2 protein chains.
Amino acid sequence: MPTLQDVARHAGVSTATVSKVLSNTPYFTEETRLKVMQAVEELGYVPNLAARALSRGKTQIIAVVFPYIYDAIFTDPLVLRILEGIEAEATQHGYNLLLSTPRLTADGPDAHYRRLVQSGYIDGVIALDNVPVASVIKPLRKKKVPHVVIGYHESAYSVCSDDYSGGRQLMEYILSLGHTRIGIITVPIDMNYALNERVRGLQAVAAEHGIDMARMPTVYGDFSVVSGIRGAAELLELDQGLTALICLNDRMAMGAIQHIVQSGRRVPQDISVAGYDDIPTAATFSPPLTTVNQHAPEQGQMAAQLLFAILNHKTPTPVLLPVTLIPRSSAAAPRSLE
Amino acid sequence: MPTLQDVARHAGVSTATVSKVLSNTPYFTEETRLKVMQAVEELGYVPNLAARALSRGKTQIIAVVFPYIYDAIFTDPLVLRILEGIEAEATQHGYNLLLSTPRLTADGPDAHYRRLVQSGYIDGVIALDNVPVASVIKPLRKKKVPHVVIGYHESAYSVCSDDYSGGRQLMEYILSLGHTRIGIITVPIDMNYALNERVRGLQAVAAEHGIDMARMPTVYGDFSVVSGIRGAAELLELDQGLTALICLNDRMAMGAIQHIVQSGRRVPQDISVAGYDDIPTAATFSPPLTTVNQHAPEQGQMAAQLLFAILNHKTPTPVLLPVTLIPRSSAAAPRSLE
DNA sequence: TAACAATAGTTAACCGCTTAACTATAAGCA
DNA sequence: TGCTTATAGTTAAGCGGTTAACTATTGTTA
């Protein structure tokens, strides 16, 4: 591996000059530039990033932190789409992505993560942090590592999807179809801030329509398809007459549909089902799922943009990304209205 | 940020001693160990990884390379599961993961990737490379970067799933159910080595049963759900009497089922459908998908193990991982046999 | 023409850690 | 006791870049 030294010798100049040429720092002639570039070319020189990192105090690496809970990172298609957005932006800025999936324990993220954060190996962090417990943010704040959070998190630059509005739109739509007997599948309260917001949205609209959502049969899942199956079963046991199920993510909605179909009912003819997230398979599910698209790649992209702004010593403003209701055929007017 | 120097001063010893204690290199007393550790504790010292990398010539980073084609990385659930396996193994060994998704052009992977490879910033690479064009491996081999390939690739340490056997098992199973009029949805030949193997497996078993697979209606998709929908439509146009569809990945199988159901037929009563991959949603699809599980996390894990073996100057043996046929309800005996 | 500024390039210190080479002390052994 | 050997710790030279401080040259201006 040729070094700067080698290039300098080969080109007959000093290392400082080579460095200047390569980093385009003023004060060299076109002639030396050519000499240097030729030497670089001939030797196949590529700067050693570790040396550069040590010297500059910057690594050109940003860490993408997905806390390891419910092994969500590797199961949740949405997370992947966010990553896609981050990747696109980072690549464009010439940054590399380090993937970190800290394990969360009662007293915070694991040691490996805490060391990474302080190791000077990363210029910044984009964290997915919607979970109240054991925040991965705290160590970052403490060590003043530039970071952006995707999720609801006070006192940090953040990118949020407008989950409140999403919840509102969902309830608005289901009510507008004419449903009155609605079941809810959500997750335990305060398990996830985003879900809290969605629930707030649902409640607000229900209230505006003079309905107390506390009266609606509600069961709790854990985001997974199976928990959706179970949830639907529980709901239909609670109330046989439900005409619509609002599930606060798509996978639970898919599970719910499954249970409904298997129990001999049809979607949406007998029961309407709506999800949330618009994961890639939602459009091609059977029936295609009515859901809320939260523009995951854009979330990732915005987060990366915020981070790069911070790294350039600008002060970005937090972002609240709009969501879009996607009406598909899994939800329709109840039969009583037909 | 305190440095080794600071710790040394604080503990009243030399930097060499501190370094030795921390890296557990022989020749220090328990007493000095305690002194050093206390100083580390009190100062909250964490080693600077860039400096360590420069000095040691090792970064403790391995790159996971998923070439950016058909944006598969961010859509294919299987890729994610492989990543999961890699992550688990890497975390355990104290390595960090760098995610690289090089764009492929006619003359190889993009420049950013080629520089990364030579930058000395990564100790090794795990690459997903089943695609004949523009190999990401070549630069690695040229620069002697330790690497492991997941996929069929000559002249490199590799982890392969036994796609040939998978193809065999699939055809064996469908034939054993009694199907004789079988349609195939695959991808264009030589687009992906793994798929080639699966097709070889199908053909071999067909031949053993005295059937020429070339006679079976065959159409080509691109892995996506929509291409499965289209593929099924084409197949059923070619031959109304098909009783089984073999799709060489799950997403196309899901698309096929969708088309079949939408066109008023039932799965498996009218037409059986089988997929390949056993992606997370296959089990909870409606109907649950008969498919082949290729143990994706294990692939990732094995690849990581091979890489760590190489990094420890051992010579690992390439791995061919077995696959498992998962019979579920999307495939059954044809009605003619009932 | 002298004084000064701008330009082109060099030297060497520095980033923070590792480690070979070295010194000092204690232990082992004939 | 004297000599070797193992142990404990230190010094200082890298690793490969960046950059402040410096020198040398050319151009500008009064």
Side-chain angles (χ1 to χ4, degrees), chain A residues 1-40 43-61 94 96 115-123 143, chain B residues 1-37 39-40 43-61 94 115-123 143:
Chain A
M1 285 275 139
T3 70
L4 239 208
Q5 282 267 13
D6 300 330
V7 175
R9 228 187 330 260
H10 197 82
V13 296
S14 72
T15 61
T17 301
V18 176
S19 183
K20 273 186 195 160
V21 169
L22 292 181
S23 63
N24 214 20
T25 305
Y27 303 146
F28 53 84
T29 57
E30 177 62 14
E31 191 191 334
T32 53
R33 203 187 66 79
L34 285 177
K35 267 196 302 190
V36 169
M37 291 318 262
Q38 196 186 345
V40 165
L43 297 178
Y45 168 77
V46 170
N48 179 308
L49 288 184
R52 176 174 283 178
L54 176 59
S55 180
R56 290 223 256 236
K58 306 241 161 281
T59 57
Q60 297 278 107
I61 292 183
N96 287 114
R115 311 196 98 217
L116 178 67
V117 162
Q118 298 182 57
S119 67
Y121 226 27
I122 49 183
D123 292 347
K143 296 297 166 178
Chain B
M1 286 274 139
T3 70
L4 240 207
Q5 283 265 14
D6 300 330
V7 175
R9 225 181 338 256
H10 199 81
V13 296
S14 72
T15 61
T17 301
V18 176
S19 182
K20 274 186 196 161
V21 168
L22 292 182
S23 62
N24 214 21
T25 305
Y27 304 144
F28 52 83
T29 58
E30 177 62 16
E31 192 192 333
T32 53
R33 202 186 67 80
L34 286 175
K35 268 197 302 193
V36 169
M37 292 317 265
V40 166
L43 298 177
Y45 168 76
V46 170
N48 179 307
L49 288 184
R52 175 174 284 178
L54 176 58
S55 180
R56 288 222 257 239
K58 306 241 160 279
T59 56
Q60 298 279 106
I61 293 183
R115 309 195 100 216
L116 177 67
V117 162
Q118 298 180 58
S119 66
Y121 225 27
I122 49 183
D123 292 346
K143 295 297 169 182

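Here is the naming used below: chain letters follow the sequence lines, and residue numbers restart at 1 for every chain. No hydrogens, no waters, no symmetry mates; every other heavy atom, side chains included, goes into these values. The structure presented is a predicted model; accordingly, all values stated were derived computationally and were not measured.
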(request) Name every residue in residues 50-58 of chain A that has at least one heavy atom under 4.0 Å from any atom of DNA chain C, in order of residue number, or write none if there are no such residues. (result) A:Leu54, A:Ser55
(message) Please check this pair: side chain of B:Ser19 against backbone of B:Ala16, looking for a donor-acceptor N/O pair closer than 3.5 Å.
(response) no
(message) Side chains of B:Phe28 and B:Val36, heavy atoms from C-beta outward: is any pair under 4.5 Å?
(response) no
(message) If you compare all heavy atoms of B:Leu22 against all heavy atoms of B:Met37, which two are closest, and at what distance to 0.1 Å?
(response) CD2-SD, 4.2 Å
(message) Could you tell me the boundaries of the chain B footprint on DNA chain D, defined by atoms under 4.0 Å from its heavy atoms?
(response) D:dT7 to D:dG16
(request) Drop me the distance from A:Leu43's CG to A:Gln38's CD, to the nearest 0.5 angstrom. (result) 10.0 Å
(message) Using a strict heavy-atom distance below 4.0 Å, which residues from residues 18-29 of chain B are in contact with DNA chain D?
(response) B:Lys20, B:Tyr27, B:Phe28, B:Thr29
(message) Tell me the interatomic distance from A:Glu30, atom CD, to C:dA8, atom C1', rounded to whole angstroms.
(response) 14 Å
(message) From CZ of A:Arg33 over to P of C:dT7, roughly how many Å is that when rounded to an integer?
(response) 18 Å
(request) Mind listing the closest non-hydrogen atom pair of A:Leu116 and A:Ser119 along with its distance? (result) O-OG, 2.7 Å
(request) Identify whether any heavy atom of B:Thr17 sits under 4.0 Å from a base atom; if not, whether one sits that close to sugar-phosphate; answer base, sugar-phosphate or nothing. (result) base
(message) As an exercise, state the distance from OG1 of A:Thr17 to CG of A:Leu4, rounded to the nearest 0.5 Å.
(response) 10.5 Å
(request) Would you please name every residue forming a salt bridge (Lys or Arg N to Asp or Glu O under 4.0 Å) with B:Arg33, sequence neighbours left out? (result) B:Glu30
(request) Please round to 10 degrees the angle between the axis of the first five pairs and the axis of the last five pairs in the helix from C:dT1-D:dA30 to C:dA30-D:dT1. (result) 40°
(request) Using modelled atom types only, decide if a donor and an acceptor are shared between the side chain of A:Asp123 and the backbone of A:Thr59 within a distance under 3.5 Å. (result) yes
(request) Starting from P on C:dC15, measure out to CD on B:Gln5 and report it in whole angstrom. (result) 9 Å
(message) Which heavy atom of A:Lys143 sits nearest to which heavy atom of B:Met1, and what is that distance?
(response) CD-CE, 4.0 Å
(request) Enter the distance from B:Arg9:CZ to B:Ser14:OG here, rounded to the nearest 0.5 Å. (result) 12.5 Å
(request) Would you classify B:Ser14 as touching base, sugar-phosphate or nothing, given that sugar-phosphate means primed atoms plus P, OP1 and OP2, and contacts are heavy atoms under 4.0 Å? (result) base
Residues 46-56 of chain B, side-chain donor-acceptor partners within the protein, below 3.5 Å, at least two apart:
unit_1  : atom_1 : unit_2  : atom_2 : d
B:Asn48 : OD1    : B:Ala50 : N      : 2.8
B:Asn48 : OD1    : B:Ala51 : N      : 2.9

(request) Could you tell me whether the side chain of A:Ile61 reaches within less than 4.5 Å of the side chain of B:Ile61, counting heavy atoms only? (result) yes
(message) Nearest 0.5 angstrom please: A:Tyr121 OH to A:Arg115 CZ, how far?
(response) 13.5 Å
